[in-house]
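Following: one structure in structure tokens, then a few remarks.
Residue numbering restarts at 1 for every chain, and letters A, B, ... go by the order of the sequence lines.
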Amino acid sequence: MERSIKRYLPIFVIPTMAAFAIGFIIPFIMGIWLSFCEFTTVTDATFVGISNYIKAVQDAMFVHSFWYTALFAVVSLVVINVIAFLLALALTQNMRGTNLFRTVFFMPNLIGGIVLGYIWQLIFNGILAPYGKALALNEWYGFVGLVILVAWQQIGYMMIIYIAGLQSIPGDVNEAAAIDGANGITRLFKITIPMMMPSITICTFLSITNGFKLFDQNLSLTAGEPSKLSEMMAMNIYQTFFGRVGWEGVGQAKAVIFFLIVVGIGLIQLRMTRSKEVQQ
Amino acid sequence: MKRKEKLSWAGTGLFTFLCIFYILPIIIVLFNSFKKKAYINLEPFTLPTDKTFVGTENYLNAIDQYGLLEAVGWTVFITVGSVLVILVCTSMCAWYITRVKNRFTKGVYLLCVFSMVVPFQMVMFTLSLVADRLGLNTPWGIIIIYLGFGAGLAVFMFCGFVKSIPIEIEEAALIDGCSPLRMFFSVVLPIMKPTYISVGILETMWIWNDFLLPYLVLDTNKYKTVSIVIQYMKGSFGRVDMGAIMAALILAVIPVVVFYLSCQKHIIKGVAAGAVKG
């Protein structure tokens, strides 16, 4: 069979691969090359070695944005996953209306980041205004605001994954434990959570990488105010590219660093939770 | 038994309350969209009164002055076009690289998996240069960019499914004299229908809401998507028209809610399937 379909390569594979080359492979390779160059457009690129990387790590705002992003990713990971897990537990109980409730909790996930940011900007500024405060006045208002916004957006998504995980646990395991005298809390920690580890791996992986890559919500909710203090890594890179003439090479170097951080954290996280998974 | 029943009703009550609280932000934006713009920042949490009610003025402003309807049209065009192209091209590619095993197809598969972890910031600057150079800065051209940048996840998900199709069905069709192309469309494609729905939904959610890629790639003087228009309304200099923004937010949310309510079963299944594989 392989032989007869082999010559159909141009029809089956080439369209996707051509677009993939334009949309990913070429920009990726160019990106790595340009991170070692100084340029404003590609034609005037000159090789400058690692000086872009040195400038990038010496940029105090870039380092600040790294810590701000890392803290955000960890806090949002905990908030999203704890609430989503509890919701999934509650909405798999025998109760009327669980399907409707799942529908409602999932809905914010479909709304785009820019729209979400402006919806919550109205709400937060409305809450803060009577106290003479605003989101743009303090980086930690923006931080809490972003955590609430992202939690609102992603809890439903993670909840759906956790519900799928909960439903795949065979009922007899829990029953057997109940007959042996294990109470609800013991069953949760000794049976449900260990058997849910594959779902937990996926959800924590998604929420930590989403946290690091956050851009739209950051741009629309705080736009980096006050004076770039609430700028996260993705936005700092964007501003370096398009806000500072002559810094395009540094922006590309920051992007490469950012890429390595995201991949590194994803791999560490996968290794940490995968090792706790049990065979069913 | 009686006690259990009561507990279940209490749960339903509690969650009804929680759900109303959960969608409150959207409701607040909805009634603010009917207020005079000066009152929106002053009293965002009150219902419109006789004094502050403006009817549909905000909506008309958003449509007239900011070209919102046109933006909705382009967003629909880009989303539908890209998703269709992605589904057809990547499923064919995935089927081929799963069925024909050699070094090239293995490399293609690994590249696709690799591309899923690369953040957009890594390629955004060079991608916008490439797109500009190739003249892909139109709603038609951006479909090619979306096919390229979205190929990773789609190929990966289709490959996972193709592996589970018994190869005997395809062999039988080929022996009966079917050409591989016809065999793909009349045998493989119908079997993969659930995966098409899952991938289609994931890609739709991504492209409809995407902001940065169209913002950098499209010629924004001529073509804008909904997210771009909203960002322009807020980011442009001069006075920010809060009324028009509220109306635009509602108009951006309505299609999403309609889409969601009309095929929520598939959406929820698609998300669960995508997550297990991704």
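Residue B/Ile175 does not touch chain A at all, counting heavy-atom pairs closer than 4.5 Å. The contact between B/Phe104 and chain A is made entirely by side chain atoms (from C-beta outward), counting heavy-atom distances below 4.5 Å. Of the two parts of B/Tyr215, only the side chain, counted from C-beta on, holds a non-hydrogen atom closer than 4.5 Å to a non-hydrogen atom of chain A. For B/Trp9, the part sitting under 4.5 Å from any heavy atom of chain A is the side chain, from C-beta outward, and nothing else. Only the side chain of A/Val263 comes within less than 4.5 Å of a heavy atom of chain B; its backbone N, CA, C and O stay farther away. Heavy atoms of B/Thr204 lying under 4.5 Å from chain A are absent altogether. Both the backbone and the side chain of B/Met122 have a heavy atom closer than 4.5 Å to some heavy atom of chain A. Interface residue B/Leu181: backbone and side-chain heavy atoms are both found under 4.5 Å from chain A. Interface remark: B/Val118 contributes backbone and side-chain atoms alike to the contact with chain A (heavy atom separation under 4.5 Å). Contact annotation for A/Tyr238: both backbone and side-chain heavy atoms come within less than 4.5 Å of a heavy atom of chain B. Heavy atoms closer than 4.5 Å to chain B are found in the side chain of A/Pro108, but not in its backbone. Heavy atoms of B/Leu216 lying under 4.5 Å from chain A belong exclusively to its side chain. Looking at B/Phe184, only its side chain comes within 4.5 Å of chain A, counting heavy atoms on both sides. Heavy-atom distances place both the backbone and the side chain of B/Val100 under 4.5 Å from chain A. Looking at B/Leu261, the atoms closer than 4.5 Å to chain A (heavy atoms on both sides) all sit in the side chain, from C-beta outward.
Put simply, the side chain of B/Tyr260 gets close to the backbone of A/Thr103: a donor and an acceptor are under 3.5 Å apart. Remark: the backbone N or O of A/Leu110 is paired with a side-chain donor or acceptor of B/Asn209 at under 3.5 angstrom. Judged purely by atom type and a 3.5 angstrom limit, A/Thr16 has no side-chain atom pairing as donor or acceptor with the backbone of B/Cys93.
Among residue pairs with one or both ends in residues 250-269 of chain A, those qualifying as salt bridge (Lys or Arg N to Asp or Glu O under 4.0 Å) are A/Asp59-A/Lys254; sequence neighbours excluded.
The aromatic rings of B/Tyr22 and A/Phe105 sit perpendicular to each other, their planes meeting at more than 60°, with 30° as the lower class boundary. Between B/Phe114 and A/Phe259, the ring planes lie perpendicular to each other; the angle is over 60°, past the 30° to 60° tilted range.
When each of A/Met233, A/Gln93, A/Arg102, A/Gln121 is scored by its heavy-atom pairs under 4.5 Å with chain B, the top score falls to A/Gln121.
Within a 6.0 Å sphere centred on CD of A/Glu38, other residues, nucleotides and ligands contribute 12 heavy atoms or fewer.
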